[in-house]
Amino acid sequence: MKKVKSFILALTVLVLPCSVLAQEQTRITTTETAGTISELGQDTIVVQSESSSSPLRYSSTKSTTYIDETGAPVSVETVKSGLPVTVYYTREGDRMVADKVVVRKTTTTTGSPMIQEKRTRTTTTTETK
């Protein structure tokens, strides 16, 4: 019985590092940016960010969703230049691909500056080879 326990312990010590090395990690980072749409094309969204002097260009795909602040779907045909939005995107190489576009209500300001909040969510997935 003692030999069996020793064998199992030795096997565990040998196999555990191998299984850790066989796992591959992929990082997917989703970032959001708030701003105003300055241009909207079939596969491009250009947003003038409140924090950047130059506009940001995002690629849109068939899986890009457009919603309002309550989470209700918004028709792409109603989205136009001048609307305030928050774009959730992921980086694919040098491209920023829009995953979700939240169309915010148009608000009028009384001279007070708008505050922008930027959040980043990182998801790590582990795949076994």
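Residue indices begin at 1 and follow the sequence shown.
Note: Gln48 CD to Ser81 OG = 12.0 Å, rounded to the nearest 0.5 Å.
You'll find the side chain of Asp99 reaches within 4.5 Å of the side chain of Thr90, heavy atoms only. No side-chain heavy atom of Thr44 sits under 4.5 Å from any side-chain heavy atom of Tyr58. Taking 4.5 Å as the limit, every side-chain heavy atom of Val103 sits out of range of all side-chain heavy atoms of Ile67. Counting heavy atoms from C-beta outward, Val79 and Ile37 have side chains that approach closer than 4.5 Å.
Under the 4.5 Å side-chain heavy-atom criterion for ILVMFWY residues, no single connected hydrophobic cluster contains both Leu40 and Val97.
Scored by the side-chain contact (heavy atoms from CB on, under 4.5 Å) test, Thr86 finds Glu32, Ala34, Tyr88, Val102, Arg104 as partners (sequence neighbours excluded). Legend: residues meeting side chain to side chain donor-acceptor pair (under 3.5 Å) with Asp43, ordered by chain and number and at least two apart, are absent. Residues forming a side chain to side chain donor-acceptor pair (under 3.5 Å) with Ser54 (at least two apart in sequence, or on another chain): none. Checked against side-chain contact (heavy atoms from CB on, under 4.5 Å), Glu39 has the following partners two or more places apart in sequence or in another chain: Val46, Arg57. Partners of Ser75 by side-chain contact (heavy atoms from CB on, under 4.5 Å), not counting sequence neighbours, listed by chain and number: Glu77, Thr78.
No option in Ser59, Ser60, Ser38, Pro55 other than Ser60 meets the side chain to side chain contact (heavy atoms under 4.5 Å, CB included) test with Ile45.
Legend: salt bridge (charged side-chain N to carboxylate O under 4.0 Å, His left out) pairs involving residues 80-93, not counting sequence neighbours, sorted by first then second residue: Glu92-Arg95.
Here the side chain of Thr65 pairs no donor or acceptor atom with the backbone of Lys100 at under 3.5 angstrom.
For the residue pair Val87 and Ala98, the shortest heavy atom distance occurs at CG1-CB, 3.9 Å. Heavy atoms only, all atoms of each residue included: Ser49 and Thr33 are closest at OG-CG2, 3.8 Å.
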